[in-house]
Amino acid sequence: MSDTPSATAELKLPKDLAAEKGLVNVQIDGIWHQFPKGTRMIEACRQAQVIVPHYCYHPKLSSPGNCRMCLVQMGMPPRPAPGQEPQRDENGYEIIGWMPRPVIACANTIGENMGIRTTGELVEKCREGVMEFLLINHPLDCPICDQAGECRLQEQSVQHGRGVSRFVDMKVKKPKNVEIGPRIRLDDERCIMCSRCIRFMDEVASDPVLGFTQRGTHTTLTVHPGRLLDSNYSLNTADICPVGALTSNDFRFQMRVWFLKETPGIDVNCGTGTNITIWTRGNKIHRITPRLNDEVNSAWMPDSHRLNFHYIDGEARLTEPLERGTGILPVSSVPSFSTTTWPAAIASAAAKIKATPAAQTAIIASGRMTNEELFLTRALAAEIGTGQLALVPRFAEADALLIAADRNPNTTGAKLVLGTEDPFAHLDSIREGVRNGSIKSLIVLGDDLITDAGFTTEDLGKLDFLLQTSVLANPTAEQAHIVLPSAAFAEKRGSMVNLAGRLQRLNRAVEPQGQAHDDWEILRDLLLAISGDTNQVHQIEDVFKVLAENVPAFNGLTLSKIGHQGTQIADTGYQIPLLANERARKAAGLING
Amino acid sequence: MAVVKLQRPKLNFGEKIYFGALIKGFFLTMTHAVKSLRGKSVGADELASSGLGVTMQFPEQRWDEHLPEYYRGAPTLVTDEQGRERCVSCQLCEFICPPKAIKIVPSEIPSDDPWVKVEKRPLEFEIDMIRCIYCGMCEEVCPEQAIYLRKDYLITGLKRADMVHDKKKLYEIGGTRAGLVNKWNELK
Ligand code: SF4
Ligand code: SF4
Ligand code: SF4
Ligand code: SF4
Ligand code: FES
């Protein structure tokens, strides 16, 4: 080669071309790809759209390589003898020498000119062998197992399993139906010892309560003596368990997963805005699981947020517009309500609001409202002509992972949409105004003033008019003159901005219960009833369009442009602690991310 | 398509006035009428005739003994020889049922139940017999051999609600089936 310098300068070898970009060449199932150095073989295959079956590997956890399901055949170019040029094919790749034994794809990293075969007799035989071992003692539980339908063991045994067991001895018995925590049930016979749950509790939840005891076929997953799997992140173990060994008490035996429809949404229990999937059948939500978003919640979510959806079709749900009946006793703490129709309720509310001077009217909105709703609230305040608009702050203790101290999911959005740094500022003056009688008419959107905002029943009793929109019956609604039932987070569309400044979308997974209306529609109807204009806004997209034109941070966006993973629109400097942990572990090379 | 020209048959005079054929037909009918009055119709025995021709006088007379082995009547739930509800409410039949006739509400078996190890059983199990098309898919798909199409074909009711078989009714019709699934027995 040294005698044709010009030719080498023009025809660079693939390895040099890749090296210029910091990449290496890898052949996967006969096709050459380029990946960054240090990528795991299994990740490289995934990026090349080749599925390597696996159990123990999880990109967000360390790789112990203990299930052996991911075995593939690997090859490297043979080391040339001294003075000998490596052999190359016509494209300049070195000829691969295939190893006779398989390697695991999850714990090995790729190298220059490596070859990976994910098919072929050797690999197939390995998979079949691993499956046979895993199924030796596995119970015939699929008909009663919650995992059925999303069970990796079922899937792989369809692809790589034998129809019949060759094993004639008695199966090893292990504990079944064990309560290892308040929200999790363990079935040890179904466990395939992948240790994902153990690693999650140790590495992510920092509460290492799970571990294996015994050896060989008798290996048993168990919780530390005297401890329970009671971390607020315990349900994530049921998500990552590839089989039905860990199941959620809440979802257990409620519905088979193949009936469920998945809707992407976001969690509204705190300012983190965890990405979620809402699983529904018909108009009923059966479970909520975290949805992968590397900029927000990684793959996890807290139990307390995950399980907070049963109220949507619970006892306290408001399903019809209510108007306070006439002739109530002034001392009675619970006035009588009668149901009414939407047009009547809106007309009556508008009349009352118009009858009160703007200076005596105030609006208390909620940090749980979407950007669209807040924008309409701003328009409503402008239409009425009142500057008395405040949000209710809801702060509680943060945990060191995902739960933020700010329990309002859209405080950042409220700041942007309302154009103020402190959307809570007017709350005290409104409360004072209500107490001293200078505010006579109050519109409360979503929040419960008595529980969350320091109002008392007597305060609210002084008002001439109190309008409340709410999902659930609550003490404030009991004092209201008109109560309008609104939609819960899984019943409406819209957008919110999380504490880190990421704009994300809510989606409608179920229809609102009963007569309940979408909040933005309630606000629009109220606005029109007060102004007397004709309706120009028919869809939430229309609201977002106007919002995007009027609020600089939203310029150029539409609801569909936000995407399922959200769009960063502001830099607040807020760090989600769990992500910081994860990035540190990734930088240290402990996980793939 | 090719056009095929058909030749009309050439009829002679006797055939053209068709009187002979009428008389022939009359005698044939009369022969059968007499046979049927004497209870000697062809196939009367096989078809369980009521004595007049081959007609069975339903509902006084029933076809029941004549149902073939493979007859598919009403789908039902069965218990095993130990009286255990076979169904574990896996909801596969609900999934497969083409007209969506089956509705199941699963539940956990309480810890004081002798069959607690089975863990799961239906709380409610309903088959809407107005919807059911007697296809037998539910029987075929059931992993626990819990649902069988029995020979009951007389499903009647005065209102729609009568036509929905609930769990109790399904076990009533279904009865017991022995053998087949042994995995829940003590020695599995
Ligand atoms: S873990 Fe999977 S294979 Fe095992 S019983 Fe459950 S669904 Fe079946
Ligand atoms: S319980 Fe599930 S996640 Fe934990 S080791 Fe067993 S199979 Fe793996
Ligand atoms: S027989 Fe067919 S239609 Fe009837 S319940 Fe079974 S699956 Fe459904
Ligand atoms: S398929 Fe069998 S076990 Fe499953 S729900 Fe239907 S009857 Fe019950
Ligand atoms: S996934 Fe590689 S050994 Fe388990």
Side-chain angles (χ1 to χ4, degrees), chain A residues 135-151 154 157-158 163-165 167-179 183-190 244-261 279 281-284 286-287 313, chain B residues 77-78 80 84-126 128 137-148 167 179-188:
Chain A
L135 290 174
I136 283 179
N137 287 307
H138 202 83
L140 290 168
D141 274 356
C142 297
I144 59 160
C145 177
D146 259 349
Q147 192 80 1
E150 53 180 11
C151 173
Q154 269 188 335
S157 73
V158 170
V164 184
S165 174
F167 200 66
V168 289
D169 300 67
M170 293 283 279
K171 292 194 174 197
V172 173
K173 298 282 192 149
K174 287 185 194 172
K176 286 178 88 73
N177 206 350
V178 194
E179 300 255 4
R183 293 174 289 277
I184 289 273
R185 205 81 65 93
L186 166 70
D187 189 308
D188 260 313
E189 287 187 351
R190 297 179 199 154
L246 296 170
T247 49
S248 151
N249 281 344
D250 185 66
F251 179 62
R252 191 175 153 84
F253 299 166
Q254 296 305 304
M255 192 45 63
R256 305 317 301 253
V257 292
W258 53 75
F259 289 114
L260 302 180
K261 186 184 87 180
W279 303 72
R281 181 180 185 196
N283 216 34
K284 182 160 176 60
H286 282 284
R287 69 170 175 185
D313 55 359
Chain B
L77 291 175
V78 299
D80 72 359
R84 178 181 69 84
E85 278 181 45
R86 277 251 179 94
C87 173
V88 297
S89 59
C90 73
Q91 295 181 290
L92 279 175
C93 51
E94 178 175 357
F95 184 69
I96 200 95
C97 178
K100 297 199 196 317
I102 302 179
K103 209 173 98 202
I104 300 169
V105 179
S107 70
E108 183 160 8
I109 298 183
S111 53
D112 53 359
D113 193 281
W115 289 107
V116 60
K117 66 178 291 194
V118 184
E119 293 185 31
K120 202 178 170 189
R121 71 162 64 127
L123 184 69
E124 286 163 32
F125 196 119
E126 286 179 354
D128 187 343
M137 298 268 231
C138 46
E139 176 176 331
E140 202 164 320
V141 81
C142 180
E144 300 283 336
Q145 319 257 25
I147 191 163
Y148 280 95
K167 194 171 133 173
L180 299 168
V181 176
N182 296 316
K183 68 176 173 181
W184 302 115
N185 299 349
E186 253 337 294
L187 262 186
K188 73 174 175 192

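Chain identifiers are assigned alphabetically (A, B, ...) following the order of the sequence lines, protein sequences preceding nucleic acid strands; residue numbering begins at 1 within each chain. In this text, all values refer to a predicted model and were calculated from it rather than measured experimentally.
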Worksheet item: Considering all heavy atoms of both residues, which atom of B:Val118 and which atom of A:Ile144 are nearest to each other, and what is their separation?
Response: O-CD1, 3.4 Å
Item to complete: Taking all non-hydrogen atoms of both residues into account, name the closest pair between B:Cys90 and A:Pro143 and its distance.
Response: CB-O, 3.1 Å
Practice prompt. Drop me the distance from B:Gln91's CD to A:Trp258's CH2, to the nearest 0.5 angstrom.
Written response: 7.5 Å
Response to the item:
CZ (A:Phe253) and CG (B:Leu123) are apart, to the nearest 0.5 Å, by 13.0 Å
Worksheet item: Would you call B:Lys117 and A:Glu189 a salt bridge, using N to O less than 4.0 angstrom?
Response: no
Worksheet item: Looking at A:Arg185 and B:Glu119, does any basic side-chain N land under 4.0 Å from a carboxylate oxygen?
Response: no
Item to complete: Under 4.5 Å heavy-atom distance to chain A, tell me which part of B:Ser107 shows up: side chain, backbone, both or neither.
Response: backbone
Discussion item. Taking the side chain as everything from C-beta on, heavy atoms only, tell me whether B:Ile104 gets closer than 4.5 Å to A:Arg256.
Written reply: no
